[in-house]
Amino acid sequence: MQSSQMRDGGPEPRMPPSDPTGVCSSSMASHGGVDPQQTSGSGDPEGPSARERSFARGALIIVGAGVLIAQLALIEADRPPGWDESIYLSQVTPGMDAMLLRAFRARGITYLVAPITLLGGSVEHVRLFLMVLSSVALAATFSVTIPLVGVAAPIAAVFLASSWLYLFNGSIVLPNLWAAILGLAAAALTARRVEGGGTRFMVLAAISLGVMALFRPTEATVVFAAIGLSLILWRRASRGLIVPLGVALILGVLPWLVEMSVRFGGTLRALEVAHTEHHLSLADARANLIAYLAATDGGASIDVPISGALWWAALIVLSVVAIRRSNRSRRTVVLLCCTGAVILAVEYVAFVTAVAPRFLLPAYGFAAIPAAVGLVSLLRSGTAARYGGALIVLLMIPWMVWQIRVVDRVADRQHGSVLKFWEVGLELREMADG
């Protein structure tokens, strides 16, 4: 991992004319921020230096390229679609009857792949498109946090993208990964606005949340609640930002509400149907927690792998470290992302009976940033803390190797099972003369 990279030399002064973020010290002060020259208790500058920001941007490009290469190497782009994918693809595939979308589904992912399918693209073209897009989106989303967390941004991208869930779902026609990316973008852009960024950051945050609602209305609502709660609790001066986010959420959810009213006789009726299909009901939180822990090994068994438990423990401990040690500008995004990670995890662990490993992708995405900030804080602290941080960096190597093996195993297993249904479908089509 690049997490062992240190800043060369001391902090460089940041003068307003050369500030690449467009945020000068007077602007930050007017939004409740602090002087960039102010230091935190650990001696770190209030914001990353120009050199660190430049290094972080380059590292993110490398991470994005690495994720694309890993997907191309591990995932067969021509593998047939699964059941859920077929439902979404059928909505926008010429010559194919659209399969019914159930009450818990929305159409965001169909909008994303429609340009490829409507132009005659095959499933292979769709997967290649999604591989490229998921790699670019990863780098672009985490780059938003560079002015706040510096080199922790590419480390956070590695934390998320090194999991088998991201690598495997990057090319799948399902909305969960895109909900994670869009939700995290909304939170990061909001944090930039809170820390003195221009109005454009809030506009982009609202757009991100609204588009997220097209993919996953319930998760977008949860992300909105997490951002709103964070602002109310920790940055009251910025609580007015809740209004544009709320408007964007309503606009994003509106198409789903209209469709549910037409197809199911109203929103409440649609929620009742979702409840009967195990997508909105009180769950056995303990059983779900164990199931999601076991899913760190691909979800093939109910046994909890030690490495998966250590991974969760590391995310939690590093996030606590980040909360305790971050200065004001970093603490904004850290607290916001911690709140989002907890609420998103609780949503699926406690209120959704159905369990699928990909459901926690948004929670993992939100947890990645505070965990990365905590790791960088350890590496820049005293000797004992540095040893702890270095140990985590070393343990990340076998973790990533293990996750790559999991991707390979999951891809083979799902490809084999889906291929059987694909072959049966082709045989039935031939018997029925098309």
Side-chain angles (χ1 to χ4, degrees), residues 1 3 63-85 127 130-131 134-135 137-138 155-181 287-316 318 341 344-345 348-349 354-368 371-372 392-419:
M1 284 182 57
S3 54
V63 172
V67 170
L68 176 58
I69 293 171
Q71 290 187 80
L72 291 171
L74 296 169
I75 307 298
E76 295 183 9
D78 62 347
R79 74 186 187 278
W83 169 253
D84 291 307
E85 291 183 288
R127 296 205 189 282
L130 291 178
M131 286 182 185
S134 63
S135 302
L138 178 81
I155 295 174
V158 171
F159 277 177
L160 175 60
S162 63
S163 70
W164 75 267
L165 285 169
Y166 198 93
L167 292 174
F168 184 74
N169 283 275
S171 60
I172 291 184
V173 189
L174 290 175
N176 308 88
L177 180 142
W178 301 102
I181 288 293
N288 277 7
L289 199 64
I290 294 175
Y292 282 115
L293 257 175
T296 56
D297 192 23
S301 70
I302 60 174
D303 296 328
V304 175
I306 295 177
S307 51
L310 289 175
W311 172 244
W312 277 26
L315 290 177
I316 294 171
L318 289 175
L344 284 164
Y348 278 105
V349 170
V355 174
R358 65 181 184 274
F359 288 167
L360 286 193
L361 265 171
Y364 283 131
F366 272 77
I392 293 175
V393 172
L394 290 175
L395 290 175
M396 278 298 296
I397 297 175
W399 161 262
M400 288 189 290
V401 172
W402 175 52
Q403 289 294 282
I404 288 175
R405 293 180 62 185
V406 171
V407 172
D408 197 38
R409 188 173 69 245
V410 171
D412 286 344
R413 184 176 72 239
Q414 294 207 6
H415 181 271
S417 62
V418 170
L419 191 60

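The figures that follow rest on heavy atoms only: side chains count, while hydrogens, waters and symmetry mates do not.
The main-chain N or O of Asn169 is never found under 3.5 Å from a side-chain atom of Gln71 such that the two would form a donor-acceptor pair. Side-chain atoms of Tyr166 come within 3.5 Å of backbone atoms of Ser134 as a donor-acceptor pair (strictly under, hydrogens ignored).
Every residue was checked against the side-chain hydrogen bond (donor to acceptor under 3.5 Å, both in side chains) condition with Asp408, not counting sequence neighbours, and none meets it.
Minimum interatomic distance between Ile75 and Ser171 (heavy atoms only, all atoms of both residues): CG2-OG, 3.6 Å. When every heavy atom of Leu74 is checked against every heavy atom of Ala411, the shortest pair comes out as O-CB, 4.2 Å. Annotation for Arg409 and Asp297: closest pair NH2-O, 2.5 Å, computed over non-hydrogen atoms. Between Pro305 and Ala294 the shortest heavy-atom distance is CD-CA, 3.9 Å. Of all the heavy atoms in Asp84 and Arg358, the pair that sits closest is OD2-NH2, 3.8 Å. Taking each heavy atom of Leu167 and Ala70 in turn, the nearest pair found is CD2-CB, 4.0 Å.
Geometrically, Arg413 does not engage Phe168 in a cation-pi contact defined by less than 6.0 Å to the ring centre and at most 45° from the axis.
The CG atom of Leu68 sits 11.0 Å away from the CG atom of Leu138 when rounded to the nearest 0.5 Å. A distance of 11.5 Å separates CG of Leu361 from CH2 of Trp178, quoted to the nearest 0.5 Å. In this structure, CG on Leu289 lies 4.5 Å from CH2 on Trp312, to the nearest 0.5 angstrom. Here the straight-line distance linking atom CG of Leu395 with atom CG of Leu310 works out to 7.5 Å at 0.5 Å rounding. Taking CG from Leu130 and CG from Leu177, the interatomic distance works out to 9.0 Å, rounded to the nearest 0.5 Å. With rounding to the nearest 0.5 angstrom, the OG atom of Ser162 is 9.0 Å from the CD1 atom of Ile404.
Ring geometry, Phe159 versus Trp311: the interplanar angle exceeds 60°, so the pair is classed perpendicular (tilted spans 30 to 60°).
Taking 4.5 Å as the limit, some side-chain heavy atom of Tyr364 sits within range of a side-chain heavy atom of Leu315. Side-chain contact between Gln414 and Arg79: absent, with no pair of heavy atoms (C-beta onward) separated by less than 4.5 Å.
Pairs engaging residues 155-172 under the salt bridge (Lys or Arg N to Asp or Glu O under 4.0 Å) rule: none recorded [sequence neighbours left out].
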